Amino acid sequence: MDDQFTGVEEANGEYKLTEAAEGEDGEDRRPFKCFLDVGLNRTSTGARVFGALKGASDGGILIPHNEKRFPGYDQETKELDSETLRKYIFGGHVAEYMETLADDDEERYKSQFSQYIEAEVEADGLEEMYQEAHKAIREDPWKKDDEEGDKKTKEEWKAEGKKYRKPKMSKEEKEARIKSKISELAS
């Protein structure tokens, strides 16, 4: 199916629905269809959930939707500005915020974008970073577990899950804790 429904090759911010493709025997083959479940997320224009929808739709999945909730949609003219949507896809709004914050408040810039600074990503390099990520996903869409490509064992995943859990307290520990709290309140 991934050969027949390639989706959008290069993210350009244009609105496009995945359509049926003609199969080898002349029959129309329908794309994989799913529906967006926003759950408890807000459905305001430009919300992140619609960014995920756009990414999945561009990937070749048929998700019934229209362009009204994408950033760049103008309510008055009822048209989508694809250049604004493209800017959001490639992090242009974040780059603008990075630049204004770097000029206005250097300390806040360093605290909010510390990981970008460590990775030596500048505001004008964000678009290139996202283009490289899109290209890498197109080449090999399978998630890598780690740098070497080794898969984690079942025991490693269990240890990962237990890393932040506190062990249960015994009955004696609970009673001692209650007694210490009572003695603190009494004094």
Side-chain angles (χ1 to χ4, degrees), residues 11 32-59 61 63-66 68-73 75 84-85 87-130 132-134 136-137 140-187:
F32 185 76
K33 184 177 186 178
C34 66
F35 297 96
L36 177 68
D37 179 10
V38 295
L40 296 175
N41 293 325
R42 292 181 187 253
T43 55
S44 58
T45 300
R48 290 182 181 177
V49 70
F50 297 116
L53 173 130
K54 175 77 171 136
S57 178
D58 285 353
I61 299 174
I63 305 173
H65 67 284
N66 60 25
K68 288 183 179 179
R69 289 298 183 184
F70 294 138
Y73 182 77
Q75 294 284 346
T84 304
L85 181 55
K87 182 181 93 171
Y88 272 78
I89 290 172
F90 289 111
H93 61 297
V94 177
E96 287 176 7
Y97 181 64
M98 283 176 76
E99 289 172 354
T100 56
L101 205 58
D103 294 340
D104 297 343
D105 191 0
E106 186 72 28
E107 194 64 35
R108 193 165 163 206
Y109 169 76
K110 287 180 180 178
S111 68
Q112 284 189 352
F113 294 104
S114 61
Q115 291 183 350
Y116 284 91
I117 294 169
E118 285 176 20
E120 299 177 1
V121 176
E122 301 276 327
D124 47 342
L126 277 179
E127 184 172 339
E128 295 160 12
M129 182 181 72
Y130 281 111
E132 289 173 10
H134 285 211
I137 291 170
D140 186 17
W142 299 105
K143 180 182 179 261
K144 305 288 188 261
D145 285 329
D146 56 13
E147 299 298 319
E148 298 89 38
D150 297 331
K151 293 197 176 235
K152 289 186 179 180
T153 63
K154 197 171 190 178
E155 289 77 27
E156 290 173 324
W157 281 113
K158 282 184 181 179
E160 187 76 25
K162 292 179 181 178
K163 186 167 42 173
Y164 299 105
R165 285 191 194 158
K166 290 182 181 178
K168 281 190 171 183
M169 291 195 302
S170 66
K171 184 177 179 185
E172 292 81 22
E173 292 172 328
K174 289 179 186 177
E175 289 173 353
R177 184 170 169 249
I178 291 171
K179 286 180 184 177
S180 67
K181 284 189 176 188
I182 292 172
S183 65
E184 280 181 31
L185 291 173
S187 60

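Quantities reported herein were computed from a predicted structural model and do not represent experimental measurements. Only this structure's heavy atoms are used, side chains among them; waters, hydrogens and symmetry mates stay out. The first residue in the sequence is number 1, and the count goes up from there.
Rounding to the nearest 0.5 angstrom, the gap separating the CG atom in Leu126 from the CD atom in Glu96 is 11.0 Å. The OG1 atom of Thr43 sits 13.0 Å away from the NZ atom of Lys68 when rounded to the nearest 0.5 Å. Note that NZ of Lys158 and CD of Glu155 are 6.5 Å apart. Values are rounded to the nearest 0.5 Å. Note that CG of Leu36 is 11.0 Å distant from OG of Ser57, once rounded to the nearest 0.5 Å. With rounding to the nearest 0.5 Å, the separation of OG in Ser114 from CD in Gln112 is 9.5 Å. Taking CD from Glu132 and CD1 from Ile137, the interatomic distance works out to 12.0 Å, rounded to the nearest 0.5 Å.
Panel note: side chain Asn41, backbone Val38; a donor-acceptor pair is recorded below 3.5 Å. Side-chain atoms of His65 come within 3.5 Å of backbone atoms of Ile63 as a donor-acceptor pair (strictly under, hydrogens ignored).
Under the 30°/60° scheme for interplanar angles, the aromatic rings of Phe113 and Tyr109 are found to be tilted.
Contact annotation: the side chain of Arg69 never approaches that of Leu53 to less than 4.5 Å [non-hydrogen atoms, C-beta and beyond]. Within the 4.5 Å cutoff, the side chain of Met129 has no heavy atoms near those of the Phe90 side chain. When side chains are defined from C-beta on, Glu106 does not count as touching Leu101, because their heavy atoms never get closer than 4.5 Å. In this structure, Lys33 and Ile61 have side chains that are not in contact, with every pair of non-hydrogen atoms separated by 4.5 Å or more.
Here the closest non-hydrogen pair linking Ala95 and Ala123 is CB-O, 3.3 Å. Minimum interatomic distance between Pro64 and Phe35 (heavy atoms only, all atoms of both residues): CG-CE2, 3.7 Å. When all heavy atoms of Phe50 and Ser44 are compared, the closest pair comes out as CE1-O, 3.6 Å. Taking all atoms of both residues into account, the shortest heavy-atom contact from Thr45 to Phe70 is CG2-O, 3.7 Å. Gly46 approaches Pro71 most closely through the heavy-atom pair CA-CD, 3.8 Å. What you find for Arg108 and Ser111 is that their closest heavy atoms are O-OG, 2.9 Å.
Applying the 6.0 Å contact sphere to CG of Asp37 captures no more than 12 heavy atoms from other residues, nucleotides or ligands. Heavy-atom contacts from other residues, nucleotides or ligands closer than 6.0 Å to CD of Glu156 number more than 12.
A side-chain contact (heavy atoms from CB on, under 4.5 Å) with Glu173 is found for exactly one of Glu175, Arg177, Met169, namely Met169.
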field: Evaluation steps, salt bridge (charged side-chain N to carboxylate O under 4.0 Å, His left out), between Glu160 and Lys163
entry: CA-CA 5 Å; Glu160 187 76 25; Lys163 186 167 42 173; 3.4 Å; yes
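Salt-bridge annotation for Glu127 and Lys87: absent, with no side-chain N of the basic residue lying under 4.0 Å from a carboxylate O of the acidic one.
Between the side chains of Glu122 and Tyr116, not a single donor N or O lies within less than 3.5 Å of an accepting N or O.
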